[in-house]
Amino acid sequence: MKKLKYFLAISTIFVVTSCGDYLDSENLYGVSLETFYKTPTDINQAMSGVYNAMYTNNVLSEEQMAANLMDNMMLGAGGSDDKAAKWVDNFEDPVEDTYRDMWVQSYNGIARANAIIEKTEIADFSKYFTTNEEAEKFKKQAIGEALFMRAFFYFRLAKFFGGVPLIVSVDGSKTVARATYTETFAQIATDLKLAIETMPATPFPSIPTSSYGHANKWVAEAYLARVYLFYTGYMTNIEQKATTDLPLIGGTALSATDVTSYLNDCITNSGHALVSDFRNLWPYSYVNKSAGSTVLPWAVTNNLSWAGQDGKAPTFGTGNLETMFVQRFSFGDWGWRDGYRYTNRLCLFTAIRGNSMVPFGQGWGWCTINPKLWNDWGDNDPRKLGSILQVGKAEQGTDSYQADQGDHETGYFNKKYTSLQHGSASGNKGMFVQMYNWSNADMQLMHAQDFIFMRYADVLLMHSEITKTATGMNAVRARAGLSAVGYSLDAIKEERLHEFAFEGLHWFDLIRWGDVTTAFNDSFPVRNSGTAATYTVKYRTETKGLMPIPETEVRLSNGVYNQNPGW
Amino acid sequence: MKFTKLFIFCFLSILFSIYGQAQDVTVKGKVYDQNGLPIPGVSILIKGTSKSITSDFDGNYQIKAASKGTLVFSFIGYNTAQEPINGRNRIDVKLYSSTEALQEVVVVGYGTQKKGLLTGASVNLKGEDLAALNTGSVMDALQGIAAGVNITKNNGAPGAGTRVTIRGLGTIGNSNPLYIVDGISVGNIDYLSPSDIESIDVLKDAASAAIYGSRAANGVVLVITVKGRKGKSAKISYDFYYGIQNIYKNLDPLNAQEYMYIMDEGRVNDGLAPNNWNTIVHNNNWLETNYPGAGKQLGDDVWNQLQAGWKGTNWINEMTKKDAPVVNHSLNISGASEDVVYSAGISYFDQDGIIGGNITDAGYKRLTARFNTQMVLKKNDRHSIITVGENFTYTNSQNRSIANGNIYYNDLHNGLVQNPLQPAYWQTSIDRNINEFGYTPTLDGLNAGQTNPLAVMFYRNNYNYGKGNNIIGNAFLEIEPVLNLKFKSVYGIDSWFGHSRSMDPTFHLGLNYVDNVNGASQSEYFGANTTWTNTVSYDRKFGNHKITAVVGTELIQNQINNNVSGSRNNLLFPGDPKYAYINNTESPSSINQINVSGADWAAGGGATQSFFGRAQYDYKEKYLLSATMRADGSSNFAKNNRWGYFPSVSAGWVITKEDFMSSSSKILNFAKLRASWGQNGNQSIPNFIYSSQIAYVFPGYFFGDTKPVSGTTAYPEKVTNPDIKWETSEQLNIGIDAKMFDSRLGITLDWYKKTTKDWLVEAPILGTFGAGAPYINGGNVENKGVELSVNWNDKVGDFKYGITISGAKNKNEVTKIANADGIIHGSSNVLSQGTSEISRVQVGQPIGFFYGFKTAGILQNQDEVDAYVTPSGAPYFNDQRPGDIRFVDQNKDGAIDEKDKVYLGNPNPDLELGIQLNFEYKGVYLNTTMAGKFGMQLMQSYRSFADNFDQNYTSDIFNRWHGEGTSNTMPRLTATSNRNTNYISDIFMHNADYLRINNLTIGYNFNELLSNFKFMSNLKLYVAVNNLYTFTKYNGMDPEVRFGHDASWASGVDLGLYPQARTVMFGLSVDF
């Protein structure tokens, strides 16, 4: 009897430990794919995720960094340990995977966009809005924006790598071969066209500040023109297959006329306009105001006042209707995961090396500037001093500059994207750190300046280039106080060089115009950390302006991806 | 009911039979061993009762017993003897040693077994032997003692922990063995004081470990804490030692004059003018700007001192604490009454750090308290029926460490590379309110970015205060309703809780070393894992056949894992850490002055659930057979892949029990052949790999005018792998145990082959997947090896001695990685900022092998330069010159590039050796333990040579190439970044073979002198030296280098590793 009791007790315990679903668990700190993409809030968070893919850990994989290094108007430089900057500058790639972060992050962005495009389409958001129309409008903006971002990432991939694998659905195969150059651009053009047709035509000044940073119909129109010019220029001048059409999926194509009508729509209806003074686009125009005293005398002399970077009614600045599409940057933090990539490293890397002055602070001295640009640029153009930072000038605050701190020294640095700082109660601190009252004053993490991908000035210049008329170009010239000129491609080339210097566009302009083959014949003296040297770079035509497909991706594809020529 | 009556009847009748006949006699006697030497501590039990005593130091005993009773004499390591009293008053007994310790019972999974019947490969160690080595943690003591168990100290810092690898790395994930303390799995056993440990059993082969199925793929370490012993009266023992620690081998950074000479040589080699040092030391812009006049004053002071022959600052000496103390007390009490056995222990360990101990009070303190009891609640005359008990250990520890990681987080490295021209302290900095502790501000004329390494060490580490606690243990119930049928239910808990706070100080010591914002942060954590195990076991003998079986279930859950932390800027009472609490900060004026986080990582549930069984059979203890099966379910896998099944079989044949061997039994006392095969599982991956999860990321993206605060952002973080399943480690083991020459010689030999299949690995995937790589069952790893352990114990008169030598050879090879690349890459920027990866995991190579260019010496002269050409006759580099390295063009394609990088070396040893020697003569004893590792390489770099050229060298640099024939391994100096060093090559690699005398103890046991003092015995006094000497050709501080980089599988990278101290100790132990 007693034995039986024992056995009963024992069996009970065994049963208790054997049953029950102890093994089921729930992830409280992440949402399951099955339940996500079901509410407008989910879509907004997922949309942030798409834009988040613009950040890359490797600075060389940042489009703006790589494009500036490769451009003929910027050198490699940095210190003697910055071999990689010089390799990119010189079209060399002795190591592997230099651009892999760009490749991987672009596809991450594409996958996130694919999910929004598919899931938003089938979702029912009516209960989250007062009317069905509002719900429909939300969906259209979301789908259109995701289509735009997908095109944005494919365009970035195509510019650097040529034809790439096209992944356009959530569940489709991910192990596909590279599409052709034309197929890739057809995908980009189709997405942009659909994005234009899908997104509401809200004029930029009417879009609430809280939505600033989101792509819209006007951005898509401007990008379609940029894609059109790049594709037709590349096919004509690099592939030697002259064309004036941008293909769409399904065999149709967009002509110059089609693209012009999009640009006309943008010019007429977007509400975008040029900032009155070109120099007010750049934060150096704000540094005196931030410091509360004159730390940049030149800005006072020229009566500069920053337009700001939050759209029509920014927290800081007078209002900016020109900037159309940016990569937003804030502060970094070494303690966050990949925390350094949230600050604008173009500012850090191209700022003056080994000199911490006010207001131009210390950086790594990459992308020093080809003296030819300085020499050939008329002094009557305020954009010259508005773009190039001269050292040894008291009015610029650079009179205490000590030379020979870095390589490829020419005495000229990037002024649009640079390190800005001024005094505070506790010593010199970054301008943005003081503006935003941020606690981490690390000079490597303090560049909360957005990187501008598209300005309205580009819409005007592209309009001139596509229509072969001078109106747009002369509007841009007029803003710089320059007289009107007649249309010619050479005039456009010079105008774009001066308007967009160091904005990551000139390298791609050189390619599409076919000038890339002749642009790198310069040879001139520089100083390498105290030693006199001669600077030359070797562009190799066989690369057709493309970079190597990341070697690891080629290996992981098991040879399905063929490497680009010349690499 | 019937049974109870029977039970009461039997019990009473025995009781009456004893007391009824109550013809008590007093029996005296002496217990000897076969050599006629008295044996103290022998348990003498009156058969059929629980009355027992132990023999004293001289083997004498005296007991009152019924004249018709029987005395049972037992002692570990000896055959038990029974002597009927038959009215005698004196019974002298000779105990024969059971063939060494083959009768000894050792711990196996969920039970115990006679050592002689083991069919698997395991190492059995006694706690007291480990405690005698006076190491801070138990695992430290195992080094060199257990063959096949590779123990590497993470570094020499107090409380730094160890990496334990059993029979080679089987995975690049978690390769730690499973630690089981009193049946409860725990993360590691550093929370235990060595004096708390009764025994450690390391289960190495699959069959021994298989009963632990899941989690056992890397081997199992079974720990039993000290228990009371039945039939023993209370024993109180006390151990104490005090030691002083000093750096064993110091590096020799260049002094000021040497530094300036070497720096100038680099410049001259590059065609530059030598430095103007006077200008450099005066060119302190930052200091001059912020504290006008101070920059010049510092320059004057430095320059004048240099002129007066000052040798500069030796930063390593500045941060070294001399004669750093280490102290340990442990008090143990154990005993038993009729139905209760108990053991309690309390110990305190306090070790100061030799690096930084003088600057930041670095060190490790640990208090442990343990209480183990076991009570028989019901019993009958033959066995206990209900037994309950508990084993609990509480630990409180405080670890104040210094930075000890990669080149950006390593205080010792900072000291090694800092220029010697900067004084460590500069009185003016106190007087002028530059720094309240007198740290010299940056000498920024030399390098604007540099800092004072002492100040960095102080401010980084000094204001962090934290304590951790563990409560680990179990409560159990054992029911034995019928003899040898036992049911046992054990509920165990492994809990941890603690708190920390820190003050964020302010300082102004250089351009890049300024902190203007102070603050306070606090954090608290609390967590607990529980294990509930239920087993039923049954032993039965049928004639010559014996069967033992156990079946059971186990449920392991993480019940709570709570972490809350916060910080706020702007202290109300700055400067005094006493007030550094979050409440004592100003009200925040902006969101970025606050930082909080909180989560309970266990709240989502999940568990590991298991069913297991084992059957053992032996025939006359001659033919042995054992089989186990375990089924494990883990929440880490999707429903249909949750369960893994892990079988094992093993067999043994005790040849010496065969009749035909009887003739040789004089020489060969015992021999057993063993073979085992089994599988174990590994499930250590993050949860939810199988299901697609949207992760919330921070920062996300910045829409609107909310900068610098980002909006909520989410995306699918990883590609889903619903098919992920258990990793299996399969192992075949063949071994032999032998005892020869009257058991004086013992030999254990094992051969094994361990294959890890379906390796859980995070292998890279194509970018087009659009999310992070998931864990996959992505490869195979093979470890093959041989282990040999030989011991000889003998006695010549009063001189006893013992020698144990163990060796283990292991070959590690990755045989498959299931992606097209076949490579898992290591980090770059390890040896210096701006350098490429140095270690990899790749098919056909050992895990973590070193990777880079092979070199073929230095170009000695212009002829050699001219001869260093590509197959087409062009020079490899346009600027190559004498003193440059001759890199090997492996593929002869005329370029030195990625394709020429090859295997350079292996950080894992081929051979490990352990030697133990014990001598004893009339109470004087000498013990030593040595451990060695052979056949491994390591990579050494103390300087960030690719970007910080002004960093200091060690005096090894005098062996550089500086003219024909001066060096064939170390290239010429340069003043800038140069491919000679920037191309990761074998010039950084060194052989790291070593043999270390881990411990040498000389002591005296006062037993004979104290034989008249009954209250006290075993008084020992000793002097010991830990880390006495290391035989090695390696030129660094220590050839034992655990550090790799971010990846846990990497090791063997010496960037200036916290060295192990040499400790001289004095100790005493005594029993009452």
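Convention: sequence-line order gives letters A, B, ...; per-chain numbering from 1. It should be emphasised that the depicted structure is a prediction, and the values quoted were computed from it without experimental measurement.
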Next item on the list: Just say parallel, tilted or perpendicular for the rings of B:Y701 and A:Y55, cut-offs at 30° and 60°.
Entry: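 Tilted.
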Note to self: For chain B, which candidate among A:S330, A:G79, A:A313 shows the most heavy-atom pairs at distances under 4.5 Å?
What the structure shows: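 Among the listed options, the one with the most contacts to chain B is A:S330.
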Check: Looking at A:N27, A:D310, A:T209, A:V104, which one has more heavy-atom pairs under 4.5 Å with chain B than the rest?
Finding: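 Most heavy-atom pairs under 4.5 Å with chain B: A:N27.
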Looking at [Y], is its backbone amide N or carbonyl O close enough to the side chain of [X] to form a donor-acceptor pair, meaning the two atoms are under 3.5 Å apart?
X: A:N108; Y: B:A771; answer: yes
X: A:Y29; Y: B:D600; answer: yes
X: B:S635; Y: A:L23; answer: yes
X: B:K707; Y: A:F331; answer: no
X: B:D705; Y: A:T315; answer: no

Does any heavy atom of chain A fall under 4.5 Å from the side chain of [X], the backbone, both, or neither of them?
X: B:I765; result: backbone
X: B:N948; result: neither
X: B:S634; result: backbone
X: B:S836; result: neither
X: B:A599; result: both
X: B:F945; result: neither
X: B:W601; result: both

How far apart are the closest heavy atoms of [X] and [Y], and which atoms are they?
X: A:T552; Y: B:H825; value: OG1-NE2, 4.2 Å
X: A:F36; Y: B:A714; value: CZ-CB, 3.8 Å
X: B:F703; Y: A:S48; value: CE1-OG, 3.5 Å

Residue pair [X] / [Y], side-chain heavy-atom distance below 4.5 Å:
X: A:Y22; Y: B:T608; answer: no
X: B:T713; Y: A:M47; answer: no
X: A:K174; Y: B:V719; answer: no
X: B:Q693; Y: A:V31; answer: no
X: B:D897; Y: A:P94; answer: no

Next item on the list: For side-chain contact (heavy atoms from CB on, under 4.5 Å), just list the numbers for A:S32 and B:I694, CA-CA rounded to whole Å, side-chain angles, deciding distance to a tenth of an Å, and then say yes or no.
Entry: CA-CA 6 Å; A:S32 152; B:I694 303 292; over 6 Å; no
Item checked: Contact origin within A:V433 toward chain B - heavy atom pairs under 4.5 Å ->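 Neither part.
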Checklist line | chain B contact via A:L28 - side chain, backbone, both or neither, heavy atoms under 4.5 Å | finding: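 Looking at A:L28, just its side chain touches chain B.
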Note to self: Check whether B:F702 forms a cation-pi arrangement with A:R328 (NZ or CZ under 6.0 Å from the six-membered ring centre, at most 45° off the ring normal).
What the structure shows: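 That pair does not qualify as a cation-pi contact.
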Item checked: Electrostatic pair A:D24-B:K639, nearest N-O below 4.0 angstrom ->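 Salt bridge flag = yes for B:K639 with A:D24.
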Check: Do A:R112 and B:E717 meet the salt-bridge criterion of a basic N to acidic O distance under 4.0 Å?
Finding: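 The answer is no: the pair does not qualify as a salt bridge.
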Next item on the list: Mind running side-chain contact (heavy atoms from CB on, under 4.5 Å) on A:Q402 and B:N285 for me, showing each step along the way?
Entry: CA-CA 11 Å; A:Q402 293 193 324; B:N285 278 342; 3.8 Å; yes
Margin query: Using 0.5 Å steps for rounding, measure from the OG atom of A:S25 to the CG atom of B:N687.
Written below: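 If we round to the nearest 0.5 Å, A:S25:OG and B:N687:CG are 4.0 Å apart.
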Notebook entry, point to check: Can you name the one residue among A:V164, A:I167, A:T175 that meets side-chain contact (heavy atoms from CB on, under 4.5 Å) with B:T768?
Noted result: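 Result for side-chain contact (heavy atoms from CB on, under 4.5 Å) with B:T768: A:I167.
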